[in-house]
Amino acid sequence: MNSASPIGIFDSGYGGLTVFRKIREALPSHDFVYLGDNARAPYGTRSFDVVYAFTRQAVFRLFEAGCPLVVLACNTASAKALRTIQQQDLPRSRDPSRRVLGVIRPTVEALDALSRTKHVGVLATPGTIASESYALEIAKLFPHMRVTGEACPMWVPLVENREIDTPGADYFVRRHLEALFSRDPRIDTLVLGCTHYPLLLEKIRRHVPAGVRVCPQGERVAEALVDYLRRHPEMNERLSKNGKTEFFTTESPERFSENAAVFLGAPAPAEKIVLEK
């Protein structure tokens with residue numbers, strides 16, 4: 001890793017690349033370092049303590065790479081580790097002015113303006129649904145909204161195994177959407193609470209009732225980051241702007257590059273690193 005001052009992007013696997021893609025489109029002149037902890041993915045089934053420990057390792061590795069700002073492009077890490085890192089680790093770190101941001105709050109902040117009925121559905125991994133992170137954040141910002149969550153355990157494997165265009169994908173997408181809307185037919189806004197799910201966007205839109213708005217996270221997170229840098233020019237001034245991106249993985253670089261092409265539309269040559277406590 002180099003000595004520039006890039007924006008760090010962290011995910012437990014590949015889904016965060018959908019968020020990174022939108023961020024890079026919004027900030028094309030900025031430098032980025034993307035780190036995927038692919039060797040230890042998925043995080044969704046792991047405990048809060050383990051997710052926090054793994055995420056903390058990754059965040060501080062990105063700090064060592066010169067990143068003064070890190071985005072957790074992972075719903076599980078945002079749900080289970082972000083607050084502890086912000087409240088406990090950053091104030092005690094060597095440079096307390098560094099910042100770590102997540103993907104849940106930027107997604108939630110847009111919901112009140114988007115929803116007419118104020119009934120919102122959240123599609124996510126079992127770990128994110130069990131954490132109730134979206135429900136809690138929505139209740140904090142918009143207590144008048146009703147939230148219904150649906151865990152979709154098969155959707156990530158379908159994406160990562162490149163089964164998006166199969167009858168099996170149609171079956172599992174339709175099954176979970178029917179289950180969600182049977183519990184609350186008044187839902188008019190649907191949050192894709194997993195960074196893999198934008199790759200299923202066409203199928204999801206095909207199976208939702210007419211008039212339902214589907215909200216992937218990438219654009220919301222990118223918009224929020226641009227706004228954050230506008231409101232914090234001191235942070236933006238610290239960031240290097242050469243339009244460069246580096247990719248790192250804890251797994252096979254060849255495998256990472258091949259799988260990253262599914263999310264980015266092009267291979268992403270990567271370097272292998274080891275995360276330690």
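Residues take their numbers from the sequence shown, with the count starting at 1. As the structure is a prediction and not an experimental result, all values here were calculated from the model. Atoms considered below: every heavy atom in the structure, side chains included; atoms not considered: hydrogens, waters and symmetry mates.
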- request: Identify, with sequence neighbours excluded, every residue that meets side-chain hydrogen bond (donor to acceptor under 3.5 Å, both in side chains) alongside Arg40.
  value: Asp37, Gln57
statement: So salt bridge (charged side-chain N to carboxylate O under 4.0 Å, His left out) across residues 68-91, not counting sequence neighbours, yields Arg56-Asp89
Partners meeting side-chain contact (heavy atoms from CB on, under 4.5 Å) with Ser78 (sequence neighbours left out): Leu72, Val103, Ile104
Phe247: ring-ring contact (aromatic ring centres under 6.0 Å, His included) partners, not counting sequence neighbours: Phe20
- request: Please list, chain by chain and in numerical order, all residues satisfying ring-ring contact (aromatic ring centres under 6.0 Å, His included) with Phe256, sequence neighbours excluded.
  value: Tyr14
- request: Please name all residues satisfying side-chain hydrogen bond (donor to acceptor under 3.5 Å, both in side chains) with Thr18, sequence neighbours left out, ordered by chain then number.
  value: none
- prompt: So with a 6.0 Å cut-off around CZ of Arg206, is the heavy-atom count from everything else above 12?
  reply: yes
task: Rounded to the nearest 0.5 Å, what's the gap from NE2 on His232 to CZ on Arg238? Could you check?
output: 12.5 Å
field: Partners meeting side-chain contact (heavy atoms from CB on, under 4.5 Å) with Glu25 (sequence neighbours left out)
entry: Arg21, Lys22
message: Please list all pairs meeting salt bridge (charged side-chain N to carboxylate O under 4.0 Å, His left out) that have one or both residues in residues 141-157, counting only residues at least two apart or in different chains.
response: Arg146-Asp184, Glu150-Arg183
task: List in chain and number order the residues that pass ring-ring contact (aromatic ring centres under 6.0 Å, His included) with Phe60, two or more places apart in sequence or in another chain; answer none if no residue qualifies.
output: Phe63
field: Residue pairs fulfilling salt bridge (charged side-chain N to carboxylate O under 4.0 Å, His left out) with at least one residue in residues 101-111, sequence neighbours excluded
entry: Arg105-Glu109, Arg105-Glu137
query: Please, which pairs that meet salt bridge (charged side-chain N to carboxylate O under 4.0 Å, His left out) have at least one residue in residues 194-203, sequence neighbours excluded?
result: Asp170-Lys203
query: Listed by chain and number, what are the side-chain hydrogen bond (donor to acceptor under 3.5 Å, both in side chains) partners of Arg213, not counting sequence neighbours?
result: none
message: Applying the side chain to side chain donor-acceptor pair (under 3.5 Å) criterion to Asn236, which one of Arg230, His30, Arg231 satisfies it?
response: His30
task: Evaluate the ring planes of Phe263 and His196, with Trp represented by its six-membered ring, and classify them as parallel (under 30°), tilted (30 to 60°) or perpendicular (over 60°).
output: perpendicular
field: Reported CG-to-CG distance for the pair Asn161 and Asn259, which is rounded to 0.5 angstrom
entry: 9.0 Å
